[in-house]
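Notes for the one structure printed next.
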Amino acid sequence: MPLSWNEIKTRAVAFSHKWKDEFSEDAEAKPFLTEFFEIFGVDRKRVATFEHKVKKLEGGDGYIDLLWKGTILVEHKSLGKSLVKAEDQARNYLHGLKDSELPRLLLMCDFQNFRLVDILDDSVTEFKLAELHNHVHLFGFMIGYVTKKVSAEDPVNIKAAEKMGALHDTLKEAGYEGHQLELLLVRLLFCLFAEDTGIFSKRQFQDYIEQRTAEDGSDLGMHLNHLFEILDTPESKRQKTLDEQLADFAYINGSLFTENLRTAAFDKSMRDALLGAATLDWSRISPAIFGSLFQSVMNPKERRSLGAHYTSETNILKLIGPLFLDDLRAEFESAKKSDKKLDALHKKIASFSFLDPACGCGNFLIIAYRELRKLEQDIIRELYRHGQQVSDISLLLRVTISQFHGIEIEEFPARIAEVALWLMDHQMNLAVSEEFGEYFVRIPLSKVDTVVCDNALRASWPTVDFILGNPPFLGSKMMSEEQRTDILSVADNLKNAGVLDFVTGWYLKASRLIAGTKTRVAFVSTNSICQGEQVGILWGELLERRNMQIHFAHRTFRWNNDARGVAAVHCVIVGFGAETVSKPVIFDYPDLKGDPVRVEAKQINGYLVDAPILSIENRSKPMCDCPQIGIGNKPIDNGNYLFTPEEKDVFIAIEPNSKELFYKWIGAVEFLNGIERWVLLVQKAEPSALKKMPEVLKRIDAVKQYRLASTSAPTRKIAETPTRFHVENFPKSTFLVIPEVSSEKRNYIPIGFMEPNIICSNLVKITSEATPFHFGVLSSSMHNSWMRTVAGRLESRYRYSNTIVYNNFPWPTPTEAQKSKIETCAQAVLDARAEFPTSTLADLYDPLTMPPVLLKAHQQLDKAVDSAYGKTKFDSESERVAFLFERYRELVEKEVASDKPKAARKKKGE
C-alpha cells in the first residue's frame, strides 16, 4: 500500500537535510537516487534500472541514468550543470524506447536542484532540495495517487476503448465470447485501473505479463487465471511456496474474481493488445464513464463515439442538484463555523439512501456517490479547520457505497455498476488521503449486494430517501409484448395506458411506493411524456389522483454532444414527490443546447409550466365556437399517385390524356418550403377514359397490389377501390392550411389560405370555414404559446393536432370592434408576406431572415388578439400560458356545470 502523504513529507524533509549536510563534490548519483525513491516507499532495485542502454535519435548508443519503465526517466548531473540541457538529453533518449517503456515524468537533478517535466501536459516545475517536501505530490503518480484532474473528455478514454476493443475483437473472433469474454474484460479493466491508482503497485500487473508470460501469448490465459485465483485468496490462506511476484498482489475479494473462467487461448497480437492497453495511464479514466467505456469496448460501432457518453455526467448533475445536492450544499454553507451543525449534517448525509431502478452501468449512482463524498470531505475539512491532526481518517468517513442501491435487468451492466462503484470509492479515498495525509483504502473489497439484477417494473424496490435515474427511452409503438405487459402491470387499469412510453412505468411505480412518505424522485425522460395526449394520461393520474407534486423540472433540452454519429435526444428531467414544497423550480432552455434559466414557480403542471394543475385530453370537437378542422387526403398508394414536376412531364409525354388528371399536391414540407409536387387524381376520370390510358392503369393496379399486401385489414379492404384515397377531403372553396409539423425555431407556425384546385395531404390540417379572424387568432402568439405547451413533438419540432391543440384552445370572445381589428391585422400579415413573392414561408418565418415588416405585422396582430382576451401586456410566454390555462379551466368548469362531457380533470382544492 502507498505511504501516507504525512509519512512521505517527513521522509522528504529528512532526505533534504541529509543531502544538504553530507553533500560533497565526490557525491555519487546512485545512492542519491536510491534514497530519493525510498521517500515514496519504492524499492528502486525492483522497479528501476541504472544506466539503461538506448539508441539515440542521431544514432549511436546512449545511457539513461535511471529508467522506471512507463513511469519516470531521471537524468542526473553534477552540481551547477544546466538542467535545461539535461532535459534535451532526456527527451533525445525517448526515441529509443518502446511505447510501453515511455515514461510520464522526466526528472533532471544535480543533488541540490530539481527540474520535473510531466509529459502528460508538458508542465515544468523547478524547486530546490530544501523545497522537496512541498512538491512530493507531483510524484504521487508513481505510487498510485491521482495527481491530475480526472476528466471524461480526456482522449485517453478513446484510446483505452480502442485498445481494449482490439483485444475484445480478436478474442471473440477466436471463439472466446459471451459471458466468459465479458467477465474476463471486466477483470482486466479492473487490474489496469488498479495498478495506476495504488490498489496494485505501479506497473505490477504490466510487469507480471511482460516478465512471466511468453511473447507469443501461448501461456497468457493460464497465467491470468492463476492471477485471478490469487486475487480472490486472502494472504493468510495462500501457499507459502507461492511465487514471490504473485504473492505481492493484494487480496481483492468482492466476488469479482470468484467465478472460474475457462482458460482463454491468447496469441502474440492479443498479448500485445493487452500490454498496449497497460501503457495508458488508467488513473486518468473516470469511474463515472467506466460503464460507458466497457459498453464501447463490447460494441465496435460505439468506440469512436465514446464522446456520446460524456454529456451524461453534466445531465446527471442537472438532476441530482435540485433533487438533493443543492439543499445539502446550502445547508453546509450555513453550518460553517458550527461544529455541532456540521456534525449533524455529516450524520444526515450518512443516513441517506438512494435507488436507481434502471441503473445500467451505474452512472447516476456513481456521480451521486462522488458528490456526497465530496461534500463529506468538505465537512471534515471544516471540522478540522483549526489545524488539528487527523490520526485515522477511516474513523471520520461515514458515507459508504452501501447507501446506494440499483436494479438492472441485464446481468453485466449490473456487475459493471458494482465495479465502477468500487473504483469511485477508491478514487475518493485517494482524494481524502492526499488532503489529510493519512493513506486510506478499502482493500480487500466488500461485496456489493445493493445492486441487483432484476426487472425493475416487476421487482420490489427498497425503501430509500431518493429515487433517481434514466429509465429506458422507448415509445409505445416500439415496445415488445413483454415490455407492454410490464407497463400494464404498474398502470393499475389506467385508461389509455397503452399509448404511454415505456419510461412512464417507472413514474407510475415510484408514485405508488412513495405515497405518504418524504421520498423524492427524479427521472430523465424523453420529452414526449410532457406533451400531447400522454400528459392527460400520466400526469392526470400522478398529479390529480395520486396527489403528487412536481418539485422541479428541466424543460426540453438536447441530450447530446458533437460526437460523430450521435443522434440528439430531446429530454426533460422531472423531480416529484408526495410532499409539498413551497417554491417549485422550472429550468427553461431558451437554447436547447445551452444553459437553463432558473425560474421559481407557484406550481408546475404536467406540461412543465407554472399554470393550474389540469390535464388536456383528446377532444373530438372544439370546445369553443370555431370551425372544425380535419386532415387532408391520405392516399395509401406507396407513392404511385405522387409525382415531381419532372416525373409528371415524363408521364404526360407517355400518356398525354392524363394531363387533366394532375393537381398540385401540398403537404407540410411542400407548403412551408414552396416545393412543387403533383398528384394523379384518377378518381376524376370516367372509367371509360381510364381504360384508354394504359400507364394510368398500371399505377392503379400497383396501388391495388400494394394495399392487398398490407398486414392491415382495413388497408386490404380499400384495395377494392384503388382509384380512391383512404381519406379524402376536397374543399370546394378557399380553405385554411395548418402544417402538422413545423420547426421549433419559429416563433409562429406559418399558416395560410389555399384555393380548391390544390389537393392537400394528410400532413396538414385544413378547414374551409375559416375567416380572416380565425387566421388572425391562430397566427397569434396566444395560439402559438398554447401550441408550444400542449402539442406533441416530432423530435423537437412542433406536431400540431386537432384533438389536443386546436379543439382545446380557449378562443377569445371579442367585441365586434376587436374582431374587426384582428381581421385588419391578419390581412396586414398576408400583405407583408406578399411583398416577398420569391420567398417561401420557411424563409419568411426563420427568425434570422424574417422581414421586419412581417415581424411588425405579427406584433400588431398579437396586440389585437391580446386585447380581445382583455389583456394589454404579457411579460413572458410563461405568463401568457398560465393565463390560457386559467381561461381553459374556466371553460371546463362551465362545461361541467352544464353537464357536457368534460375534457380535463381538476385537482382537488383548485
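Any value given below was found using the heavy atoms of this structure, including those in side chains, with hydrogens, waters and symmetry copies removed. Quick note: residue numbers are just sequence positions, from 1.
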Backbone N/O of Phe404 and side chain of Thr450: donor-acceptor pair under 3.5 Å: yes

Please walk me through it: do Phe15 and His133 pass ring-ring contact (aromatic ring centres under 6.0 Å, His included)? CA-CA 9 Å; Phe15 174 84; His133 65 285; over 10 Å; no

Above 12 or not: heavy atoms from other molecules or residues under 6.0 Å from CD of Glu51? no

Ignoring hydrogens and geometry, is there a side-chain-to-backbone donor-acceptor pair from Trp19 to Phe32 under 3.5 Å? no

Is it true that Asp343 and Arg398 have a side-chain N and a carboxylate O under 4.0 angstrom from each other? yes

Passes side-chain hydrogen bond (donor to acceptor under 3.5 Å, both in side chains), Ser353 versus Asp465? Steps please. CA-CA 5 Å; Ser353 53; Asp465 298 288; 3.2 Å; yes

When you compare the side chain of Cys109 with that of His76, does any pair of heavy atoms fall below 4.5 Å? yes

Got a salt bridge between Asp243 and Arg212, using NZ or NE/NH1/NH2 to carboxylate O under 4.0 Å? yes

One should read off an interatomic distance between His168 NE2 and Thr170 OG1, to the nearest 0.5 angstrom, of 9.5 Å

Answer yes or no: is there a donor N or O on one side and an acceptor on the other, between the side chain of Gln403 and the main chain of Ile349, under 3.5 Å? yes

Could you tell me whether Arg11 sits above the aromatic face of Phe40, with NZ or CZ closer than 6.0 angstrom to the six-membered ring centre and within 45 degrees of the axis? no

By the definition side chain to side chain contact (heavy atoms under 4.5 Å, CB included), identify the one residue from Val399, Ile366, Thr400, Ile401 that meets it with Asp425. Ile401

Are the aromatic rings of His52 and Tyr93 close, with centres under 6.0 Å apart? no

I need the single residue from Ile199, Leu242, Leu227 that forms a side chain to side chain contact (heavy atoms under 4.5 Å, CB included) with Phe249. Which is it? Leu227

Using a 3.5 Å distance criterion without hydrogens, assess whether the side chain of Arg271 forms a donor-acceptor pair with backbone atoms of Ala214. yes

In this structure, is the centre-to-centre distance between the rings of Phe352 and Phe324 below 6.0 Å? no

Please report the C-alpha distance between Val54 and Leu97 in whole Å, then the side-chain angles of each, then the deciding distance to 0.1 Å, and finally whether the side chain to side chain contact (heavy atoms under 4.5 Å, CB included) criterion is met. CA-CA 7 Å; Val54 66; Leu97 296 174; 4.3 Å; yes

Under the 3.5 angstrom rule, does the side chain of Asp267 hit a backbone N or O of Ser269 as a donor-acceptor pair? yes

Walk me through it: do Phe228 and Phe257 pass the test ring-ring contact (aromatic ring centres under 6.0 Å, His included)? CA-CA 6 Å; Phe228 297 156; Phe257 296 97; 5.5 Å; yes

Hey, is Asp339 close enough to Arg385 for a salt bridge, meaning N to O under 4.0 Å? yes

Would you call Glu182 and Arg415 a salt bridge, using N to O less than 4.0 angstrom? no

Looking at Arg381 and Asp378, does any basic side-chain N land under 4.0 Å from a carboxylate oxygen? yes

State whether a side-chain donor-acceptor pair under 3.5 Å links Thr213 with Asp219. no

Could you tell me whether Phe139 and Phe36 have their ring centroids closer than 6.0 angstrom? yes

Would Asp118 and Ser123 count as a side-chain hydrogen bond (donor to acceptor under 3.5 Å, both in side chains) here? Give the steps. CA-CA 5 Å; Asp118 191 329; Ser123 61; 4.7 Å; no

Could you walk me through whether Arg373 and Asn429 pass side-chain hydrogen bond (donor to acceptor under 3.5 Å, both in side chains), step by step? CA-CA 9 Å; Arg373 282 291 302 271; Asn429 292 337; 2.8 Å; yes

Under 4.0 Å between a side-chain nitrogen and a carboxylate oxygen: does that hold for Arg187 and Asp232? no

Side chain to side chain donor-acceptor pair (under 3.5 Å), paired with Lys202, selected from Thr197, Asp196, Thr71: Asp196

Mind running side chain to side chain contact (heavy atoms under 4.5 Å, CB included) on Phe193 and Val419 for me, showing each step along the way? CA-CA 11 Å; Phe193 190 92; Val419 175; over 6 Å; no

Results of side-chain contact (heavy atoms from CB on, under 4.5 Å) for Lys18 - residues two or more places apart only: Glu22, Glu35

For the backbone of Ala250 and the side chain of Glu235, can you confirm whether one donor and one acceptor N or O come within less than 3.5 Å of each other? no

For the residue pair His135 and Phe114, is the inter-centroid distance of their aromatic rings smaller than 6.0 Å? no

Carefully, step by step, assess Arg238 and Ile230 under the rule side chain to side chain contact (heavy atoms under 4.5 Å, CB included). CA-CA 8 Å; Arg238 294 177 182 177; Ile230 297 304; 3.4 Å; yes

